[in-house]
Number of protein chains: 2
Amino acid sequence: MDASGHAEQPGRTRLGPDELVRTATVARHHYLLGRSKVEIAEDLGISRFKVARMLDAAREAGLVRISIGQVDGLDLDASARLTDTFGLRHCAVVASGAGADPEVLAALGGTAARLLADVLAPGDVLGLPWSRAVLAMAQRLDRLPRVRVVQLTGALEQPGHDATAVDIVRSAARASGGPASIFHAPFALEDAEAAAALRADRTVATGLEQAGTVTHAAVGVGAWAAGMSTIHDVATAEERRRLAGLGVVGEIAGVPFDADGQPVRDPMTDRLITLSGEQLQGIGEVMALAYGAAKAGAVRAALRGGLVTSLVVDAALAARLEGDDGAAVTVPR
Amino acid sequence: MDASGHAEQPGRTRLGPDELVRTATVARHHYLLGRSKVEIAEDLGISRFKVARMLDAAREAGLVRISIGQVDGLDLDASARLTDTFGLRHCAVVASGAGADPEVLAALGGTAARLLADVLAPGDVLGLPWSRAVLAMAQRLDRLPRVRVVQLTGALEQPGHDATAVDIVRSAARASGGPASIFHAPFALEDAEAAAALRADRTVATGLEQAGTVTHAAVGVGAWAAGMSTIHDVATAEERRRLAGLGVVGEIAGVPFDADGQPVRDPMTDRLITLSGEQLQGIGEVMALAYGAAKAGAVRAALRGGLVTSLVVDAALAARLEGDDGAAVTVPR
DNA sequence: CACTCCAATGCTCATTTGAGCGACTCAACG
DNA sequence: CGTTGAGTCGCTCAAATGAGCATTGGAGTG
């Protein structure tokens, strides 16, 4: 079309100031004062068709600007666009202004907490893994419908975090008033044998089985890069390379997946205590929490594979998700 | 009620993030993508009534923001509001950003020139007095419909201005291609006798008579204060006081008027060579050019008395005109 | 348990609006 | 002088929309 700015439309005369103001007056009456076109037409002694055409012209000329605003730190326009683009069930984009990481994380957590409260209904089963973002959410959970809360992963000892998956599940259960399914085990063990032995423990085994009953989960998304994933960071150099070689771009609750969002099988996962890829895929509603443009690739892959159905992201990540080839990707319902 | 930030409506539940985003999605589809409510309803599997109610809620919650923008340095929204408030025939508000006086004057002149070109039709008779703002306009007149141009006032010797009413009329006539009615005489004389003698001169007399045939005029508006009016500044201290005492708040083309916009008769006007108050009132379409909030009083008075029918003002003056008791004032058609 | 209240939902009917079409104006051109 | 073509205007008819009303579904209450 036209490169905006000054280029004129072919066959369209540039409006003089008077016509411009008349058009603006009509636009004002219609859009701002909510009067009907018929009414305006009678006022001005012109036909309603003329009014309609003036309004069309006003919109074409960019004279009327309509925008979807921000409320409660949510960028609703971006949320709506992401919802459409990726066919999401729920979505919230937090308006990460000039905030530093911890602030963004806090805002993300708060928003996710409110969204979760909206989305859950009594009787649902909520699954929660260890994840920094999920922890941030759990800390801000206020009241939740009565649901059973299921621990999806083992506990990870992390410098700077004294909370574990168990604490996350407990806060959620407290907010909900429902029962909690909890087990005590580390997220990652030294080798597959130790992990297998632990999985054989009845508490752990029944705890992990519960993952199959989960209807809703809130999870973090890790990108397969240093500092972008708890799991990547506990992997050995060898494992990092090997998984990357298998096409792994990210992980959710310790389940690594490739660019198509398909879970990737690798011996490394054998030494993790967490739900299986199949179990993850079986959860009806998975709400992914993530922030930072760098995670766009991992998030998009997870969306493509249908691993996640809803998003809570910051504005930077949202922009990157929309920016690249987003439009081409749509997840099946 | 609740005291948190934005008061809630009684009986209206605060929306959670999910509902907020759903609403935003609907708003986006309707307002930004222009889809019909029926269409959206079918998409989402809800009734069209639900969609309509969501859209209402979105607007009430301030989630959808509609604004009338700026184009070509015109504040169209303000122009439209002034048009409504004062029942103007034409109006343009120039968006005086952070500009200094000369820049505002230049922008005002340019806008007035374009507006005049819009408003005039072949066969009209255009009257122009001396005025700084009218000069600024005349200098920017490009092409005008073919009209006769009539000089309304004598010429004023002013420091810093080598152009006079004659020059103004000549530029306009050149832009129009029409004939010019010109006479050579000073705007102000020492005393009434000298002025009377001059008015007796046939050239001057016939020149002034032409004012009666004028259909359209562009004029400046002076406020009755130091530096706010060419005429005030050539008045003697005695005259200034006396006219102020008579209630004069401003002048147009040397015709002083009171707060009701009624021309005020005073011996001072006898020593001016300009059109009469009756002649001014007889002009069908008078476009007033003015800028600066300080002139609001004079402009409003002129509007109230029907001395002017159209405005070209800067944003500051527009805001002041709207701000005060503007809403109460409406000029008869 | 019956009852009321309240909000949410979907319906009907009248009005408003959009799409497309023919009539008109004006100006360039054969 | 008629023709042609572009642009504008107002009309018709069908679709979209708004206002008001009845129904539904709970939550709270006696």
Side-chain angles (χ1 to χ4, degrees), chain A residues 1-2 8-16 18-23 25-61 63-64 66 117-124 143-147 177, chain B residues 1-2 8-16 18-61 63-64 66 117-123 143 145-146 177:
Chain A
M1 269 287 150
D2 114 358
E8 289 198 23
Q9 319 280 356
R12 171 167 292 282
T13 331
R14 189 189 201 88
L15 294 172
D18 190 47
E19 194 55 25
L20 222 43
V21 171
R22 286 185 186 289
T23 305
T25 305
V26 170
R28 192 179 127 70
H29 278 257
H30 186 69
Y31 289 113
L32 263 28
L33 307 182
R35 306 183 60 204
S36 86
K37 304 181 186 186
V38 176
E39 231 180 331
I40 298 170
E42 282 170 0
D43 252 30
L44 300 175
I46 57 181
S47 79
R48 70 181 180 84
F49 305 98
K50 174 76 175 167
V51 171
R53 285 174 180 128
M54 288 173 84
L55 287 172
D56 289 347
R59 298 195 64 170
E60 263 185 49
L63 202 146
V64 176
I66 304 183
D118 259 22
V119 168
L120 283 179
D124 287 339
R143 252 174 303 182
L144 234 41
R146 187 177 178 86
V147 296
Chain B
M1 284 283 167
D2 96 338
E8 287 196 26
Q9 320 283 353
R12 172 167 292 281
T13 332
R14 189 190 201 87
L15 294 173
D18 191 47
E19 195 54 26
L20 220 44
V21 172
R22 288 185 184 289
T23 305
T25 304
V26 170
R28 191 180 127 70
H29 278 256
H30 186 69
Y31 289 113
L32 262 28
L33 307 182
R35 306 184 60 202
S36 85
K37 304 181 185 185
V38 176
E39 232 180 330
I40 297 171
E42 282 170 0
D43 251 31
L44 300 176
I46 58 182
S47 78
R48 68 181 182 86
F49 306 99
K50 175 75 176 166
V51 171
R53 284 175 181 127
M54 287 173 83
L55 287 172
D56 290 347
R59 296 194 66 168
E60 263 185 48
L63 201 147
V64 176
I66 304 183
D118 259 20
V119 168
L120 284 179
R143 252 175 301 181
R146 187 177 178 85

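- In this structure, A:Met54 places its CE atom 13 Å from P of D:dT8, rounding to the nearest Å.
- The salt bridge (charged side-chain N to carboxylate O under 4.0 Å, His left out) search around A:Asp118 returns none, not counting sequence neighbours.
- Counting heavy atoms from C-beta outward, A:Val51 and A:His29 have side chains that stay 4.5 Å or more apart.
- The CD atom of A:Glu42 sits 13 Å away from the P atom of C:dT15 (whole-angstrom rounding).
- For residues 26-42 of chain A, every residue pair satisfying the salt bridge (charged side-chain N to carboxylate O under 4.0 Å, His left out) rule, not counting sequence neighbours, is listed here: A:Arg28-B:Asp84, A:Arg35-A:Glu39, A:Arg35-A:Asp43.
- The closest donor-acceptor contact from the side chain of B:Arg146 to the backbone of B:Pro122 lies at 3.5 Å or more, if one exists at all.
- An OP1 or OP2 oxygen of C:dT9 is reached within less than 4.0 angstrom by no side-chain nitrogen or oxygen of B:Ser47.
- If you take CZ on B:Arg59 and OH on A:Tyr31, they are separated by 10.0 Å, rounding to the nearest 0.5 Å.
- In this structure, A:Asp56 places its CG atom 12 Å from P of C:dT17, rounding to the nearest Å.
- Among residues at least two apart or in separate chains, there is no salt bridge (charged side-chain N to carboxylate O under 4.0 Å, His left out) pair with a member in residues 44-53 of chain A.
- The side-chain heavy atoms of B:Leu20 and B:Asp18, taken from C-beta on, include no pair separated by under 4.5 Å.
- One interatomic measurement links the two molecules: CZ of A:Arg59 to P of C:dT17, which rounds to 14 Å at whole-angstrom precision.
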Hey, what are the protein-to-nucleotides 20-25 of chain D N/O distances that come in under 3.5 Å?
none

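- Note that the CG atom of A:Leu32 and the OG1 atom of A:Thr25 stand 11.5 Å from one another [nearest 0.5 Å].
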Could you go over nucleotides 14-17 of chain D and give all protein N or O partners under 3.5 Å, atom names and distances?
{"residue": "D:dT17", "atom": "OP2", "partner": "B:Lys37", "partner atom": "N", "Å": "2.8"}
{"residue": "D:dT17", "atom": "OP2", "partner": "B:Val38", "partner atom": "N", "Å": "3.3"}

